[in-house]
Amino acid sequence: MKDKSKLRAQEGLTRRSFMQSSAGAVIAASCMNTLGFSTSAFEAHANAVASAKVYVCPPCGLPCDKLTFDKPGTCPNCNMTLVPLDGEGGPPKVAILVFNGAELIDFAGPWEVFGTAGFLVHTVAENPEPLIVVFGQKMIPDYTFDNAPKADILLVPGGGGVPFSKNDKLIGWIQTKAKEVNYVMSVCTGAFLLGQAGLLSGQKATCTSGMIEDLAGFPNTTPVYGARYVDNGKIITTGGLSSGIDGAIHLVSKMLGRGEAQRVALGMEYRWDPDAKWARSSMADKYLPAKLKGAEAKIISYEGDTDRWETKFLVSQPRSSVEIVALLRERIAAHTAVGGMYKPLSHMRGAPVLSAASANGSKIRWKFTDDQGRGWSGVGGVEPAPDDKIKFIATLKIARQS
């Protein structure tokens, strides 16, 4: 078996090319028939080859990941127990949809999780040409929509133009693939592809912060805030970017048990908390303006949690505290915590209510009620920058009332 492994490695025989090699047998058989030879023996041999089991070592990150074997045993390179490439008893198989502009961490993060868990992962694109994903990363898909093998899990990442995709072939492939697999998981704006495929009807769903509101545009779909992932059973949606790692570990936990999921997380040096409530969409900064329109200012501090937040700006223009306070009052009065890109939704009940200006004009105070009926209070102030007397530090703070 070892000699065969070496020979296959020398010939550059990958799992994909091995799976495709039966096409050569069909062509050869047709040639023999044309030349007048009996093909019965050849066909019998070809059928035997097609029905023979192919074994691989579970993904270990070494070159032996690309070797194939014709009988069970252990990998001669990494000593892992060989498993069937296809059929009962083999490791779960994950199909990752990829396309130009796909968000890198959306599929790379879950890929790391599934690979660490021993799942077999392959990528699928509409065409076989190289792709350019976010930040200019280039990649070549393993399969196309026309020849992708069966899978147990379909992973759909997000990307910049995903919510507005009009690619009927891509949507049709998702619909077809979703019927075949046991689980469908989206990351970030990949949820919009699931929505266009009709997979979010009657589902609760989440996606990246700032666009969760837009999920309500799909029929009978309930947007969920404050969750890194939402599990509906077969359909799992996750928040943006790194949330896909948590969703993938959760799926490993569903399939292999919590202990295995914990092992995977530790192997990745990832702090996984299955009960964590942290989610970008639930942070309190949504109730504060992210920039000071009309000023020359940069954020120098930006921190908080779900119940409080503090933002500090270093302001170069205007050059007086009175003018800056007036600008802060203007920005606070206009900010209503609107989320969503094409179906905007305010997360406040009415506009903020500001108190009268302070006697020295350096402080502002305001109150508002969020969309869940909870009361909040805010305070803002301006003071000279300690290291540059011609600049100012503007501070905005909010806290939820108990």
Side-chain angles (χ1 to χ4, degrees), residues 96-110 133-135 154-167 170-171 174 178 184-232 235-248 250 276-291 302 304-306 309 334-349 370-372:
I96 298 180
L97 173 66
V98 288
F99 44 83
N100 283 313
E103 182 65 51
L104 183 60
I105 195 175
D106 284 10
F107 62 86
V133 298
V134 73
F135 304 130
L154 170 60
L155 177 72
V156 180
V162 162
F164 314 102
S165 174
K166 303 298 182 183
N167 189 330
L170 183 147
I171 299 301
I174 292 176
V184 178
M185 184 179 123
S186 67
V187 182
C188 199
T189 54
F192 289 86
L193 293 178
L194 300 192
Q196 291 178 52
L199 300 179
L200 296 186
S201 180
Q203 307 281 309
K204 295 180 179 180
T206 193
C207 66
T208 190
S209 177
M211 294 191 69
I212 299 175
E213 298 83 358
D214 297 323
L215 293 174
F218 294 113
N220 198 24
T221 301
T222 304
V224 175
Y225 303 89
R228 289 186 71 75
Y229 56 84
V230 176
D231 186 347
N232 291 280
I235 306 295
I236 299 171
T237 56
T238 79
L241 307 161
S242 65
S243 300
I245 297 175
D246 293 80
H250 169 71
K277 302 301 181 184
W278 192 97
R280 181 68 186 90
S281 60
S282 65
M283 295 296 103
D285 64 314
K286 73 174 90 174
Y287 302 116
L288 285 175
K291 58 180 67 175
Y302 199 72
D305 53 31
T306 58
W309 203 269
H335 186 76
T336 55
V338 173
M341 291 187 66
Y342 61 95
K343 287 188 177 294
L345 174 68
S346 173
H347 292 282
M348 289 185 184
R349 292 183 180 177
D370 66 23
D371 54 357
Q372 299 179 55

Testing the basics here: between [X] and [Y], what is the closest heavy-atom pair and its distance to 0.1 Å?
X      : Y      : result
Lys277 : Ser282 : O-OG, 4.4 Å
His335 : Lys286 : NE2-O, 2.8 Å
Met185 : Ala248 : CE-N, 3.7 Å
Arg349 : Gln372 : NH2-C, 3.9 Å
Ala227 : Ala279 : N-CB, 3.4 Å
Ala337 : Tyr287 : CB-CD2, 3.8 Å

Keeping [X] on the side-chain end and [Y] on the backbone end, is there a donor-acceptor pair under 3.5 Å?
X      : Y      : result
Thr238 : Gly247 : no
Ser186 : Leu155 : no
Ser281 : Tyr225 : no

pair [X]-[Y]: side-chain heavy atoms closer than 4.5 Å:
X      : Y      : answer
Val133 : Val98  : no
Ile212 : Val224 : no
Thr237 : Leu215 : no
Val187 : Ile105 : no
Asp106 : Val134 : no
Val156 : Phe107 : no
Cys207 : Phe192 : yes

> What do the steps show when you test Leu193 against Leu97 for side-chain contact (heavy atoms from CB on, under 4.5 Å), and what is the final call?
Replying inline: CA-CA 11 Å; Leu193 293 178; Leu97 173 66; 4.2 Å; yes

> With sequence neighbours left out, which residue pairs that include part of residues 212-231 fulfil the salt bridge (charged side-chain N to carboxylate O under 4.0 Å, His left out) condition?
Replying inline: Arg228-Asp246, Asp231-Lys254

> Can you list every side chain to side chain donor-acceptor pair (under 3.5 Å) pair that touches residues 188-207, not counting sequence neighbours?
Replying inline: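 Applying side chain to side chain donor-acceptor pair (under 3.5 Å) to every pair that reaches into residues 188-207, excluding sequence neighbours, yields Gln203-Asn232.
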
> Thr306 and Met283: side-chain contact (heavy atoms from CB on, under 4.5 Å), yes or no, with the steps?
Replying inline: CA-CA 4 Å; Thr306 58; Met283 295 296 103; 3.5 Å; yes

> Without hydrogens or angle criteria, can the side chains of His347 and Asp370 be said to hold a donor-acceptor pair below 3.5 Å?
Replying inline: no

>> For the CG atom of Leu154 and the CD1 atom of Ile235, what is their distance to the nearest 0.5 Å?
In response: 8.5 Å

> By ring-ring contact (aromatic ring centres under 6.0 Å, His included), which residues pair with Tyr229, not counting sequence neighbours?
Replying inline: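 Testing Tyr229 for ring-ring contact (aromatic ring centres under 6.0 Å, His included), a comparison that skips the adjacent residues, returns His250.
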
